[in-house]
Amino acid sequence: MRDTPSILHVDLDAMFASVEQRDKPSLRGRPVVVGGMGGRGVVATASYEARVFGARSAMPVAEARRRCPSGTAFLAPRFAAYRRTSQVVMELLAGLSPLVEAVSIDEAYVDLAATSTGGLDIRAVTELALDLKARIRAATGGVTGSVGAGTSKLIAKIGSDLHKPDGLTVVAPGQERAFLGPLPVTALSGVGPATAERLRRAGVHTIGDLAGLAPAELIERLGQAHGVALYRLARADDGRPVVGEREAKSVSAEETFAADVADPARLGAELDVLAAQVGARLRAAGLSGRTVTLKARHFDFTTITRSTTRAQATDDPRVITQAARRLLGDVDVSGGLRLIGVGVSGLTEFAQDDLLSLLDPAARRETAADQAPDEAAEPEPEPARAGWRTGEDVRHAVHGAGWVWGSGRGRVTVRFEGPRTPPGPVRTFAADDPALHPADPPDWHGAEG
DNA sequence: TCTGGGGTCCTAGGACCC
DNA sequence: TCTGGGGTCCTAGGACCC
């Protein structure tokens, strides 16, 4: 166990919504919900203004619409913009330490002990964290981050969560148990609804309660691995290291249909599309895998998986889709599927035909390094001209840059404003107006020294 | 208008081998 | 012929995270 609070956890506050408010000044101070805008979409992020009305992550967007007042903005996600903002923050973190673990697009651990820059007592870490928060806000154009610091990942993570948004929690060495004790067990990463319910039935509500349980009882209730893990975490016994890079274990793609699909031909065609996405991402990452998994969600939300393992690893979309189609053949589809998915696991770094390319360099195909990784990995969908997505960035030949305020019935309404231009006029066009084009996200980084 | 999409880890049973 | 223990691989499902 460390004797300095040298692990930081940085968590950007309501990141997707915050980026939207940064890029669209008219949304600042207003409730914003970012998520799937199809009939079956769920909330990815609700701004704090929207949380007041009960909008939450993972909630159906339809439910969020019911709860939030008119004037709430409901936007489709713009991942390219979020990725750029994430990169800006990750670069700041990399300046603090060579050891940074990016957990997700909006979350990372930093191991300050990996550098030898001076003291890491409470005061020094607090100052460093306050400075970091200010620099994140400045570098991102107003997106805030909450930071936790402590002697372990556990403490840092819970600390960053405690005073969101724009919070800072530094837990002094030796104070870990006192810090955790009164918190609900659900504050622990790894305690979801099912585990929380089992613990509740055992009379366990707080982490302090949990720490009072005998390990044998926890193992009996939660299984060996989970029981042991929680027993240790409740005692602040956490030696998990900050790890820089992690190898991917699987690559998958799935789609939920707007309406359930029972037509095998249509499902097969969907598998072709998904297999092509998975194959392209495998290839871009220089990976291939032996196991192909089909995922199917029935009309009643029951979900099954069927997998098959081949002798040779592949990244070939034709091979992937062939395996997936065969697996689908054994699934009863007559009631209709709401979701279908394809995954590849058992990954290795070398594709089968890499062996061939050694013999025949001319047959060597493009490698990941030859491609722009992001574009290759996640092609941003180009919306059909008539199907504008709310929140999408657009450019009008006459009126300039703006974003889609709303659309429907053959029309699209655009608000003309940018990150640094004040809210402009709202104008409505025909959805197929040739003067209107999808545009890149406003790139305000660098435009303002 | 009930419930996305991309992942990780664990469990448990059966096959198979030594 | 019967019994059995341990290890590994594969498959299916479930909990959980962001």
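Chain naming here is simple, since letters A, B, ... match the order of the sequence lines and numbering starts at 1 in each.
Heavy atoms of A:S57 sit nowhere under 4.0 angstrom from any nucleic acid atom. Using a 4.0 Å heavy-atom cutoff across all strands shown, A:Q224 reaches sugar-phosphate atoms only and no base atom. Backbone-only contact: A:T195 has heavy atoms under 4.0 Å from sugar-phosphate atoms and none from a base. No engagement by A:I105 is indicated, since no non-hydrogen atom pair under 4.0 Å with the nucleic acid exists. Here A:A44 lies out of heavy-atom contact (under 4.0 Å) with every strand. Residue contacts for A:E254: at a heavy-atom cut-off of 4.0 Å it reaches a base atom on one of the strands shown. Residue contacts for A:V191: at a heavy-atom cut-off of 4.0 Å it reaches the sugar-phosphate backbone alone, with no base atom in range. Residue A:L188 is classed as a sugar-phosphate contact, given heavy-atom separations below 4.0 Å to backbone atoms only. Contacts of A:V43 with the nucleic acid, taken as non-hydrogen atoms under 4.0 Å apart, are absent. Contacts of A:G190 with the nucleic acid, taken as non-hydrogen atoms under 4.0 Å apart, involve only primed sugar atoms and P, OP1 or OP2. When heavy atoms are screened at a 4.0 angstrom cut-off, A:R290 is found touching the sugar-phosphate backbone but no base atom. Among the protein residues, A:R198 comes within range of no part of the nucleic acid, since none of its heavy atoms lies under 4.0 Å from any strand. Here A:R246 lies out of heavy-atom contact (under 4.0 Å) with every strand.
Heavy-atom contacts of chain A under 4.0 Å fall on DNA chain B between two terminal nucleotides, which in 5' to 3' order are B:dT1 to B:dT11.
When base pairs are accepted only as Watson-Crick or G-U wobble with both N-N or N-O distances under 3.5 Å, DNA chain B takes part in stems of 3 or more pairs at B:5-18 with C:5-18.
Taking the centre and axis of the six-membered ring of A:F79, the NZ or CZ atom of A:R83 falls outside the cone set by 45° and 6.0 Å. A cation-pi contact, defined as under 6.0 Å to the ring centre and within 45° of the axis, links A:R297 to A:F301. For the pair A:R266 and A:F257, the cation-pi test (distance below 6.0 Å, angle within 45°) is passed.
Looking only at atom types and distance, the side chain of A:T195 has no donor-acceptor partner in the side chain of A:R221 under 3.5 Å away. Between the side chains of A:S334 and A:D332, a donor-acceptor pair is found at a separation under 3.5 Å.
A:A129 approaches A:V147 most closely through the heavy-atom pair CB-CG1, 4.1 Å. Among all heavy-atom pairs drawn from A:P317 and A:A276, the shortest one is CB-CA, 3.9 Å.
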Test side chain to side chain donor-acceptor pair (under 3.5 Å) on A:T151 and A:E176 and set out the steps. CA-CA 8 Å; A:T151 54; A:E176 294 87 355; 2.6 Å; yes
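Residue pairs meeting the salt bridge (charged side-chain N to carboxylate O under 4.0 Å, His left out) criterion with at least one partner in residues 90-101 of chain A, sequence neighbours excluded, are A:E101-A:K153, A:E101-A:R246.
Not counting sequence neighbours, the partners of A:R306 by the side chain to side chain contact (heavy atoms under 4.5 Å, CB included) test are A:I304, A:L327, A:V331. Residues meeting the side chain to side chain donor-acceptor pair (under 3.5 Å) test with A:T428, sequence neighbours left out: A:T413.
Nearer the 5' end of DNA chain C, as judged by each residue's closest nucleotide, is the contact made by A:T291, out of A:T303 and A:T291. Mapping A:P60 and A:A225 onto DNA chain B by nearest heavy atom places A:P60 closer to the 5' end of the strand. When each of A:R66 and A:G36 is assigned the nucleotide of DNA chain B bearing its nearest heavy atom, the one mapping closer to the 5' terminus is A:R66.
Listed by residue number, there are no residues of residues 155-164 of chain A with a heavy-atom contact under 4.0 Å to DNA chain B.
By the 6.0 Å contact criterion, CZ on A:R240 is enclosed, its count of non-hydrogen atoms from other residues, nucleotides or ligands being greater than 12.
Glycosidic conformation, B:dC2: syn, with the torsion inside 90° of 0.
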